[in-house]
Amino acid sequence: MVKIGIILGSVREGRNGKAVADWALDKAAGFNKDIEASYELVDLADYDLPFLGKVPTEGQQKAISDWSEKIASFDGYIFITAEYNHGVAGAFKNALDFLKPEFKNKAVGFIGYGGLGAARSIENLRVVVAEQGLASVQRTVNLSLMTDFLNMSEFTPAEFHDAELIELLDQLLSWSKALKSIR
């Protein structure tokens, strides 16, 4: 069994990411491949992480530990990322900086949403995750606020994104299974 974490990386009030993450989880649950897999949504907003380098409160220390344990429990990941000011959301980058051994020799795929489908955020993340030991799959799903969201807030993805997600899942499961064999 390959365990995939679908990580929602935005903590912004009124964020569009929750609808995107729910869509990805629903589509993944219905994906059939010869590799048995389970999927779990992990919402960064559920973890009260301090800024890296600040002395954490007792509650934040527990959040750091819980975050680390949850992320370590997966064999692969789908990062749901927004694009803020041509880059990855600060809270998500901060959360990733608490991790490294948890990611070693695992795979990640990206679903982005923003003005240009979060293409620049995903490119930022590829550099970061490479340093953390994650292998990023080739296929991404890029959702545009202009065409995949009604009034830039109600998620209405174009049908062709289903095929992109299927390709992403196919690559992610294959890589996750292969990398599991060397951990």
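Quantities reported herein were computed from a predicted structural model and do not represent experimental measurements. Residues take their numbers from the sequence shown, with the count starting at 1.
- With no hydrogens or angles considered, no side-chain donor-acceptor pair links Asn151 and Ser153 at under 3.5 Å.
- Minimum heavy-atom separation, Glu164 to Asn142: OE1-N, 4.4 Å.
- Taking Ile, Leu, Val, Met, Phe, Trp and Tyr as hydrophobic and joining them when side-chain heavy atoms fall under 4.5 Å apart, one finds Leu179 in a cluster with Ile182.
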Exercise for the section: Take Glu69 and Ser73 through the side-chain hydrogen bond (donor to acceptor under 3.5 Å, both in side chains) test and state the conclusion after the steps. Expected result: CA-CA 6 Å; Glu69 287 176 28; Ser73 74; over 6 Å; no

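- Salt-bridge annotation for Glu102 and Lys70: absent, with no side-chain N of the basic residue lying under 4.0 Å from a carboxylate O of the acidic one.
- Lys18 and Asp43 are not joined by a salt bridge, as no carboxylate oxygen comes within less than 4.0 angstrom of a charged side-chain nitrogen.
- Residues Val108 and Phe98 are members of one and the same hydrophobic cluster, defined by side-chain heavy-atom contacts under 4.5 angstrom among Ile, Leu, Val, Met, Phe, Trp and Tyr.
- Within 6.0 Å of NZ on Lys33 lie more than 12 heavy atoms contributed by other residues, nucleotides or ligands.
- Relative to the six-membered ring of Tyr84, Arg12 meets both conditions, a distance below 6.0 Å and an angle of at most 45° to the axis.
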Practice task
Check the pair Asp75, Arg183 against salt bridge (charged side-chain N to carboxylate O under 4.0 Å, His left out), reporting the backbone distance first and the verdict last.
Solution key: CA-CA 10 Å; Asp75 300 305; Arg183 285 196 308 278; 2.7 Å; yes

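- Of the possible polar contacts, none joining the Glu36 side chain to the Val2 backbone as a donor-acceptor pair under 3.5 Å is found.
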Distance-only donor-acceptor hits, side chain of residues 112-127, under 3.5 Å, sequence neighbours excluded:
unit_1 : atom_1 : unit_2 : atom_2 : d
Tyr113 : OH     : Gly17  : N      : 3.2
Arg120 : NE     : Glu83  : OE2    : 2.7
Arg120 : NH1    : His86  : ND1    : 3.4
Arg120 : NH1    : His86  : NE2    : 3.3
Arg120 : NH2    : Glu83  : OE2    : 2.6
Ser121 : OG     : Thr81  : OG1    : 2.8
Ser121 : OG     : Ala82  : O      : 2.9
Asn124 : OD1    : Val88  : N      : 3.4
Asn124 : ND2    : Arg120 : O      : 3.4
Arg126 : NH1    : Ser136 : OG     : 2.9
Arg126 : NH1    : Val137 : O      : 3.1
Arg126 : NH2    : Gln138 : O      : 3.4

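- Grouped with Phe51 in a hydrophobic cluster is no other residue, since no side-chain heavy-atom contact under 4.5 Å to another Ile, Leu, Val, Met, Phe, Trp or Tyr is found.
- Annotation: the span from Ile7 atom CD1 to Ile111 atom CD1 amounts to 11.5 Å, rounded to 0.5 Å.
- In this structure, Phe92 has its ring center under 6.0 Å from that of Phe79.
- Classified by interplanar angle (parallel below 30°, tilted 30° to 60°, perpendicular above 60°), the ring pair Phe74/Tyr77 is perpendicular.
- Below 30°, between 30° and 60°, or above 60°: for Phe155 and Trp23 the angle between ring planes is above 60°, a perpendicular geometry.
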